[in-house]
Amino acid sequence: MDEEYDVIVLGTGLTECILSGIMSVEGKKVLHIDRQDHYGGESASLNLTQLYKKFRPGKQAEESLGRDRDWNVDLIPKFVMAGGELTKILTNTEVLPYLEFTQISGSYVYRDGRIAKVPSTQMEAIKSPLMGLFEKRRARNFFEFVGNYKEEDKSTHSGLDLDKNTMTEVYLKFGLEPGTRDFIGHAMALWTTDEYLTEPARETIERVIMYLHSVALYGKSPYIYPLYGLGELPQAFARMSAVYGGTYMLNKPIDGLEYDADGKVCGVRSGDEVARTKIVIGDPTYFPDKVKKTGERVIRAMVILEHPVPNTENLDSLQIIIPQNQVKRKHDIYIAILSSSHFVCSKGHYLAIISTVIETDAPHVEIEPAFKLLGPTKDVLMGIAELYEPIDDGTKDHVYISKSYDATSHFETTTDDVKDLYFRITGKPLELKKKKPATENP
Ligand SMILES: *[C@@H]1O[C@H](CO)[C@@H](O)[C@H](O)[C@H]1NC(C)=O
């Protein structure tokens with residue numbers, strides 16, 4: 001470790017691994033360290049032993065759950081948006097040979113006490129119980145507006161100005177009912193609160209377009225998912241980095257940073273060793289005195305089931321969104337459901353991960369509406385995560401810190417953070433050019 005590097009990266013979460021992978025490919029000499037004995041940091045997938053050790057110290061997993069190696073339980077429940085930014089990064093780097101993706105089989109939304117599939121085809125839309133006949137016609141007008149919208153052609157704007165009119169005004173223009181607004185804003189635009197209603201409509205419309213585009217790519221749902229769990233994503237970038245000379249060390253304690261006379265970071269200490277560097281990148285857990293709480297706390301419950309989720313046509317994987325309005329909350333509740341067909345649990349089991357932003361002193365009570373949808377549970381492991389962000393942008397001391405993974409259901413905010421960090425570090429926007437055509441598609 002007593003060497004000189006261009007960049008030292010602390011923590012092997014997805015954000016850090018994408019950056020170290022890209023910088024290795026760009027020819028930087030990268031050292032990547034994790035104090036834990038496995039890859040993935042806060043975005044790891046854990047085996048049974050690791051899972052129980054983290055969430056229920058002192059207790060072992062029941063034997064009936066099967067073998068350790070059959071389990072890869074994600075610490076953050078997110079799916080990959082098929083048409084989103086992470087997919088762009090995946091396809092424009094050289095990580096695809098290390099990954100195998102599958103589709104998530106459906107997306108469901110909670111309305112008036114029950115769940116229904118978010119239609120992914122015209123046929124499903126016509127049959128959907130989510131709307132009555134007349135509301136379906138109004139909704140169709142809205143989706144035609146979204147589909148035909150062209151920035152340069154005013155005749156497609158329906159008299160609306162997406163930078164001035166709020167989303168509420170757009171809903172009113174098409175006469176959409178409150179339940180339909182919840183559905184569009186939360187199950188398609190994937191907002192976690194209702195704050196978007198009073199904002200200019202553009203971002204919501206863009207999100208709906210991205211959702212429809214993602215569904216259109218593979219059908220069924222807008223999401224794809226890597227076999228063996230999300231922890232495969234950082235590992236794929238780590239493998240790519242290694243091909244370009246990146247050095248990886250797991251299980252390595254970090255004992256502090258060293259600074260030069262100008263206050264810029266110049267080394268990372270581990271025991272008696274010091275590795276020299278010009279830049280340090282890392283996740284918030286490595287820099288307690290350089291980060292602050294965002295004020296948001298997230299509850300995540302990993303629920304082991306022995307049956308598919310009721311009322312979902314026995315799907316092997318899906319997302320359920322409970323819009324906040326429907327259960328008198330301020331933040332949506334998400335449930336990510338996976339099964340042994342994704343190699344994240346043993347045969348005969350299903351894994352449901354419930355998450356939401358905490359609003360009261362009794363977070364476990366807040367997620368009860370989700371449990372009601374799941375039926376009997378085999379075991380439940382719960383954790384609460386405080387979210388952190390850096391105090392400074394890192395340009396002063398050259399220590400660049402990522403944000404904690406938030407409560408959204410996908411990686412779009414994570415890739416925003418990657419791009420933001422890359423810009424702060426290099427002064428240039430992140431541009432990925434495809435080196436060679438990807439041979440594998442999801
Ligand atoms: C599960 O995790 C433990 C602790 O990190 C590790 O020692 C063990 O090898 C893992 N088991 C498998 C099958 O990967």
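All residue numbers refer to positions in the sequence shown, counting from 1. Remember, it's a predicted structure, so these values are computed and weren't measured experimentally. Whatever order the structure lists them in is the order used to number ligands and atoms, beginning at 1.
Aromatic ring pairs are classed by plane angle as parallel below 30°, tilted from 30° to 60° and perpendicular above 60°; the pair W191 and Y196 is parallel. Classification of the F343-Y228 ring pair by plane angle, with boundaries at 30° and 60°, yields parallel.
Under the 4.0 Å distance rule, the nearest protein heavy atom to atom 9 (O) of ligand 1 falls outside the cut-off.
Ion pair K403/D283 not flagged as a salt bridge, since none of the NZ, NE, NH1 or NH2 atoms sits closer than 4.0 Å to an Asp/Glu carboxylate oxygen. K29 and E4 are not joined by a salt bridge, as no carboxylate oxygen comes within less than 4.0 angstrom of a charged side-chain nitrogen.
On a distance-only criterion, R69 and ligand 1 share no N/O pair closer than 3.5 Å.
Looking only at heavy atoms of the protein, atom 5 (O) of ligand 1 is closest to Q50 NE2, 2.9 Å.
A centroid separation of less than 6.0 Å is found between the aromatic rings of H32 and Y248.
Between the choices N47, L48, D37, T49, the shortest heavy-atom distance to atom 12 (C) of ligand 1 belongs to N47.
Heavy atoms of H38 stay at 4.0 angstrom or farther from ligand 1.
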